[in-house]
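Keep in mind the model is a prediction, meaning the values are calculated, not measured. Read the numbers this way: they start at 1 and go in the same order the structure lists the ligands and their atoms.
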Amino acid sequence: MLLKLFSHCLTLSVWTLWCTQTALAQADTDLGKSFSQATSISQLTHDSTLRSSRGRELQVIATSPAHGDINARFLVQGGLHGNEGGASAFVLWLASRYVKGESLLNQLGPAVAIDFMPYANPDGELASTRSNERGVNLNRNFDVLWGVSRENPGSTSFSEVETKAIRSLFAARHYTGAVDVHGYINWIVAPSTPEAITALGFKPDAERIAQYRRWRLAFKQEMSVLPGYQLKTGAGLGDGGAFEDWAFWRQGVLAHCLEIESAERFASSYRPDFNHFASLALRALRESKVDTFKRYEAFVYRMFVQAMKIKQLPAEPATLAGK
Ligand SMILES: [Zn+2]
């Protein structure tokens, strides 16, 4: 009996060890093995310094429009907080559907291209930490309302190589819209209001404010596909230096933050070992969360359509309009 128990424990230990090692190896996955479109910020910007603090590539699955013309390019980013593995899983799931032509996002038309960056904080993802290698919350390190934070926002705005890399990516890729996917709670985080950012010293111009009003209306309209979700802003939450505030107010990119539902928070994100099992969780998420993921896909699609409307971009290139 004792021998049988010992044998059982040994088998269990070996299995656990195998799973841990396999998951750790896969958590550092080279996206090039799965996506022929895999590249990196350092390659897209021709700047080899734009890697993580530990020198890891910031991988991007960069798609091209089906035809030569391009009307709009979008960014789907996840993993800025390295311990929110559900966000990276969703970005990978979406990228996989998009490159196969199976996503709702493909209906944006042949003149649209999308970049997917599932691991925006690859060192944090490997270490299962919210912050980067240097202990900085990257989603507080951008330069609109920088320093308004209860967490470490870095020594200055853009003090971190990962946020510098994202800034350079924007300069190279000229996005129309962007979504930053997180895995914390059932919120959509819109850019902060003009009133809030003006009160905190940032002065937007009238045209950008008018655009903001339209973007806010879009949230109200499209959040119908996410029942139970609340609309927040960084400033409203007491958080400055957020990605969507910088992307919208500084870059003019119609951006938002999508938090994966609150169930994820309790099931996944708050488990310290979650990212060690990210690849196993990814499979489970693909199988069990597909309906949830499809709802998020619908929301992202609708917000990208709204972004194109606000920027007055046709969903189809003019040459194809008559077909
Ligand atoms: Zn987060």
* Would Ile41 and Met117 count as a side chain to side chain contact (heavy atoms under 4.5 Å, CB included) if you check the C-alpha gap in whole Å, the side-chain angles of each, and the deciding distance to 0.1 Å? -> CA-CA 9 Å; Ile41 292 186; Met117 179 162 54; 3.8 Å; yes
* Asked: Is there a side-chain contact between Trp249 and Leu145, using heavy atoms and a 4.5 Å cut-off?
  -> no
* Taking atom types as modelled, is there a side-chain donor on Glu133 or Ser52 under 3.5 Å from an acceptor on the other? -> no
* Checking only N/O/S atoms, does Glu84 have one that is under 2.8 Å from the Zn ion (ligand 1)? -> yes
* To do: Could you pull out the atom name of the N/O/S atom in His81 that is nearest the Zn ion (ligand 1)?
  => ND1
* Asked: Got an N, O or S from His182 under 2.8 Å of the Zn ion (ligand 1)?
  -> yes
* Structure fact -> The residue among Phe142, Phe248, Trp246, Phe158 that forms ring pair (Phe, Tyr, Trp, His ring centres under 6.0 Å) with Phe170 is Trp246
